[in-house]
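Below is one structure; the comments refer to it alone.
Everything quoted here is computed from the prediction, not taken from an experiment.
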2 protein chains.
Amino acid sequence: MSQIGDSLQFLRSRGYKVTAPRKQVLEVLRRSSKPLSAYQIQKSLPIKGKPLNAVTIYRILNLFCSLNLAHRVLSSGGFVICTLSEGEGCHRFVVCRHCGSLQEFASETLCQEESQITQDLGFQAEYHLSEVSGLCLKCRGGQR
Amino acid sequence: MSQIGDSLQFLRSRGYKVTAPRKQVLEVLRRSSKPLSAYQIQKSLPIKGKPLNAVTIYRILNLFCSLNLAHRVLSSGGFVICTLSEGEGCHRFVVCRHCGSLQEFASETLCQEESQITQDLGFQAEYHLSEVSGLCLKCRGGQR
DNA sequence: GGCTTAATGTAATAATGTTGCATTTAAAAT
DNA sequence: ATTTTAAATGCAACATTATTACATTAAGCC
Ligand SMILES: [Mn+2]
Ligand SMILES: [Mn+2]
Ligand SMILES: [Zn+2]
Ligand SMILES: [Zn+2]
């Protein structure tokens with residue numbers, strides 16, 4: 001699973017440098033199953049040497065989000081790595097309100113319907129932010 | 001349009017007191033067409049006498065949101081008054097990325113489809129957060 | 001190995017949000 | 001009307017999140 005290599009290659013191909021801080025942030029995000037804040041990322045970084053500067057982490061996260069390598073999850077205020085490919089419509093999340101685990105998904109149908117509804121309200125839809133919260137299988141104890 | 005009176009009555013009926021700060025925050029939110037942060041609300045309050053304490057404003061906003069008298073718009077971090085009634089599914093927003101104007105809407109269909117999709121991912125959906133961004137009629141210059 | 005410029009570090013500050021405790025007051029009871 | 005009291009607000013201190021300007025470092029190029 002050299003997904004990280006792909007991300008680094010993607011950065012290079014867009015003219016961005018591959019640096020130690022960027023690799024580290026990418027690593028931390030890939031390992032986490034839950035959204036992490038910039039400062040949580042800072043704390044969970046290698047104890048060897050100085051920790052990354054928070055400003056640097058913010059800049060890296062902004063870059064990753066602008067390239068859709070990562071997303072900011074607004075309902076929790078954290079950042080996650082993107083697990084989907086392009087071309088399936090806007091990337092959405094479903095989050096467990098109990099354990100915080102989350103999964104990314106996309107749906108052309110949802111995008112189209114939202115666009116239709118908002119068009120009737122006079123808007124030209126461009127981006128669809130959507131985060132569904134509920135309970136995951138584990139946190140329901142396998143019921144239902 | 002004594003919508004405010006209704007809100008105050010609603011507060012009383014739920015056992016909450018009707019206070020000057022609550023009336024003021026309600027007023028400010030009702031007048032605004034865009035989401036306001038707690039501190040923006042504080043600034044836009046009557047210049048007569050001391051301004052409301054920020055802590056108080058946060059507590060009032062939390063109360064309003066818990067009662068669905070107001071909502072927090074996550075994409076902008078501000079608060080708006082609720083303009084819908086209950087029973088139509090989760091309340092959603094479409095926001096103009098240019099002028100910041102926004103409109104609230106709801107759709108049972110969207111809720112059902114999101115619930116179905118996320119159920120297939122193992123989740124029991126409970127709440128649907130959704131904010132569509134785009135351009136309003138004015139900001140498109142009436143085109144399209 | 002040096003060059004160039006993007007990226008990072010540093011310091012200072014802004015904006016947002018929370019907690020514990022003292023004081024005030026809306027609304028009920030007398 | 002006055003008293004009562006729980007709820008609401010004020011106050012002070014602090015935590016978290018985020019941004020800006022400028023100095024320093026180092027990735028990728030020759
Ligand atoms: Mn994605
Ligand atoms: Mn609403
Ligand atoms: Zn769970
Ligand atoms: Zn607009």
Residue mapping more 5' on DNA chain D - nearest nucleotide basis, L63(B) or S37(A):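 Here L63(B) is the residue nearer the 5' end.
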N-O pairing of R31(A) and E27(A) below 4.0 Å: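 Yes.
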Check ion pair R92(A)-E113(B) (N to O, under 4.0 angstrom):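 Here R92(A) does not pair with E113(B) in a salt bridge, since their nearest N and O are not under 4.0 Å apart.
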[X] [atom1] - [N] [atom2] separation (whole Å):
{"X": "Q42(A)", "N": "dT17(D)", "atom1": "CD", "atom2": "P", "result": "11 Å"}
{"X": "I60(B)", "N": "dT18(C)", "atom1": "CD1", "atom2": "P", "result": "15 Å"}
{"X": "N62(B)", "N": "dT19(C)", "atom1": "CG", "atom2": "C1'", "result": "13 Å"}
{"X": "L61(B)", "N": "dT9(D)", "atom1": "CG", "atom2": "C1'", "result": "14 Å"}
{"X": "F79(A)", "N": "dT17(D)", "atom1": "CZ", "atom2": "C1'", "result": "10 Å"}
{"X": "Q40(A)", "N": "dA18(D)", "atom1": "CD", "atom2": "C1'", "result": "15 Å"}
{"X": "L74(A)", "N": "dT17(D)", "atom1": "CG", "atom2": "P", "result": "14 Å"}
{"X": "Q24(B)", "N": "dT9(D)", "atom1": "CD", "atom2": "P", "result": "10 Å"}

Please check this pair: side chain of [X] against backbone of [Y], looking for a donor-acceptor N/O pair closer than 3.5 Å.
{"X": "E126(B)", "Y": "S133(A)", "answer": "no"}
{"X": "Q124(B)", "Y": "L135(A)", "answer": "no"}
{"X": "S32(B)", "Y": "L29(B)", "answer": "no"}
{"X": "Q42(A)", "Y": "L52(A)", "answer": "yes"}
{"X": "E104(A)", "Y": "T83(A)", "answer": "yes"}

Rounded distance (nearest 0.5 Å) linking atom CG of L121(A) with atom CG of L137(B):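 One finds 11.5 Å between CG of L121(A) and CG of L137(B).
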Rounded distance [0.5 Å steps], CZ in R22(A) versus CG in L63(A):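 CG of L63(A) is found 5.0 Å from CZ of R22(A).
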Nearest atoms (heavy-atom pairs only) where R140(A) meets G122(B):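 Here R140(A) and G122(B) meet closest at NH1-O, 3.2 Å.
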Minimal non-hydrogen separation, L102(A) against S33(A), with atom names: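 Smallest interatomic distance, heavy atoms only, reads CD2-O, 3.3 Å.
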Centroid-centroid under 6.0 Å between F93(A) and H71(A) rings: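 Here the rings of H71(A) and F93(A) have centres that are less than 6.0 Å from each other.
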Side-chain donor/acceptor contact of Y39(A) with base of dA18(D) under 3.5 Å: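 Such a pair exists between side chain and base.
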Nearest to side-chain heavy atoms of Y58(A), which nucleotide of dT17(D), dG10(D), dA8(D):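 Side chain of Y58(A) sits closest to dT17(D).
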Distance below 4.0 Å between K50(A) side-chain N/O and dT10(C) OP1 or OP2: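 Result: yes.
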Residue-phosphate contact under 4.0 Å: R72(B) side-chain N/O, dG17(C) OP1/OP2: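 Result: yes.
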Show the distances under 3.5 angstrom between N or O atoms of the protein and N or O atoms of nucleotides 20-22 of chain C.
none

Contact state string [nucleotides 25-30 of chain D, B base, S sugar-phosphate only, - no protein heavy atom under 4.0 Å]: --BS--
Rounded (10°) bend between the five-pair end axes of the helix from dG1(C)-dC30(D) to dT30(C)-dA1(D):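 That helix gives 40° between its end axes.
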